[in-house]
Amino acid sequence: MSWDLKSDRPIYSQLIEQIELKICSGIFAPGTKLPSVRELAQDAAVNPNTMQRALSKLEEDGLLYTNRTSGRFVTEDVKMIQQAKHRLAQEQISEFLEKMKSLGFDKSETLSIVSEMLKGAKK
Amino acid sequence: MSSILTCKNLSKSFGSKKALDNISFNIERGRIVGLLGPNGSGKSTFIKLCNDLLTPTSGELQIAGNVPGVETKKIVSYLPERTYLNDWMKVSEIIQMFKDFYQDFNSEKAYDMLKRLDINPSERLKTLSKGTKEKVQLILVMSREAQLYLLDEPIGGVDPAARDYILDTIISNYQENATVIISTHLISDVEKILDDIIFLKNGQVVLQKTVDDIREENGKSVDALFREVFKC
């Protein structure tokens with residue numbers, strides 16, 4: 001499992017994003033058990049307290065839940081995962097639009113480039 | 001949570017030079033703390049005070065409620081900046097010695113780590129390279145089940161791959177309510193595993209914060225902030 005952590009942003013918020021991504025992309029499938037905090041921390045080479053903090057936040061948000069005796073699981077609520085996926089997509093796109101804006105493209109120009117490229121990609 | 005270490009108005013002078021100048025802070029249990037500062041900022045002096053190798057000129061220092069001494073040495077595992085082990089001893093003999101010395105020493109753990117780092121226990125210390133000696137020493141220190149680990153420059157002399165392994169060892173081997181204090185100037189290597197950092201400058205604490213707070217407030221890594229604060 002790969003973790004891509006940037007050095008200029010809080011580690012815990014990046015961990016949240018990356019775990020969300022792993023849930024959305026199905027690396028952590030709905031209803032499956034997550035590795036322990038320590039294993040995850042070791043895997044990402046981060047402090048276990050930071051990993052714990054990220055997992056607690058995801059639990060608060062409902063993407064994870066804890067079964068008191070058997071560990072931490074990914075939610076079985078597929079709808080909720082879809083919502084998270086949608087939110088991540090929106091974030092990606094607004095970031096992209098922001099960049100296009102700074103390159104000097106307005107909305108309609110951006111849209112035409114995107115649709116052109118999508119056409120090209122189909123072929 | 002109770003503090004594992006508290007210091008209050010702690011100062012240490014060497015003649016007219018103030019190595020530590022009136023520092024006060026608490027360190028909680030269960031944290032990994034980076035003690036960061038440029039050369040000569042007082043990092044090693046502080047760690048030596050914690051180990052009763054130096055005595056304070058003024059002020060207080062307590063570890064789990066005791067002043068550094070016999071009682072605190074039972075619960076503190078210390079990695080000095082220099083090796084002090086006898087060169088002629090075999091690694092396995094040193095492990096035996098540590099086992100005799102420290103009640104909380106887990107030799108199984110030590111042998112396990114030696115194996116993972118591909119170090120032969122029957123070799124004599126003097127035949128090992130500088131980096132390998134440092135690894136052996138860190139293994140000894142981390143094989144104790146201590147409450148406080150004081151690591152003075154634990155990754156200075158080893159290659160990047162071994163550095164990763166050492167950091168991994170630190171994360172995976174400390175007990176949940178044990179605290180690790182790492183003094184170093186190799187910040188970018190350690191910052192991902194730290195909870196809190198303490199910046200020392202000319203014997204004074206200039207900043208004590210969590211890593212994520214620093215990144216959030218400054219929009220930059222601890223390493224970048226360090227370079228800014230200590231710009232020469």
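Note that this is a predicted model, so its numbers are computed, not measured. Below, chains carry the letters A, B, ... as their sequence lines are ordered, and counting in each starts from 1.
Among Asp213(B), Asp195(B), Asp168(B), Val211(B), the residue making the largest number of heavy-atom pairs under 4.5 Å with chain A is Asp195(B). Considering only heavy-atom pairs separated by less than 4.5 Å from chain A, the leading option among Asp164(B), Leu225(B), Ile193(B) is Ile193(B). With chain A as the partner, the residue from Val222(B), Thr210(B), Ile170(B), Asp212(B) showing the most heavy-atom pairs under 4.5 Å is Asp212(B).
At a 4.5 Å heavy-atom cutoff, the contact between Ile32(B) and chain A is made by backbone and side-chain atoms alike. Residue Ile214(B) does not touch chain A at all, counting heavy-atom pairs closer than 4.5 Å. For Arg38(A), the part lying under 4.5 angstrom from a heavy atom of chain B is the side chain only.
Annotation: Gln90(A), atom CD; neighbour count of heavy atoms from other residues, nucleotides and ligands within 6.0 Å is above 12. Within 6.0 Å of NZ on Lys115(B) lie no more than 12 heavy atoms contributed by other residues, nucleotides or ligands. Counting heavy atoms of neighbouring residues, nucleotides and ligands inside a 6.0 Å radius, atom CZ of Arg227(B) does not exceed 12 of them.
For residues 42-77 of chain A, the interface with chain B (any heavy-atom pair closer than 4.5 Å) comprises Gln42(A), Ala44(A), Ala45(A), Val46(A), Asn47(A), Pro48(A), Asn49(A), Thr50(A), Arg53(A), sorted by residue number.
Rounded to the nearest 0.5 Å, atoms OG (Ser7(A)) and CZ (Arg215(B)) are 6.0 Å apart.
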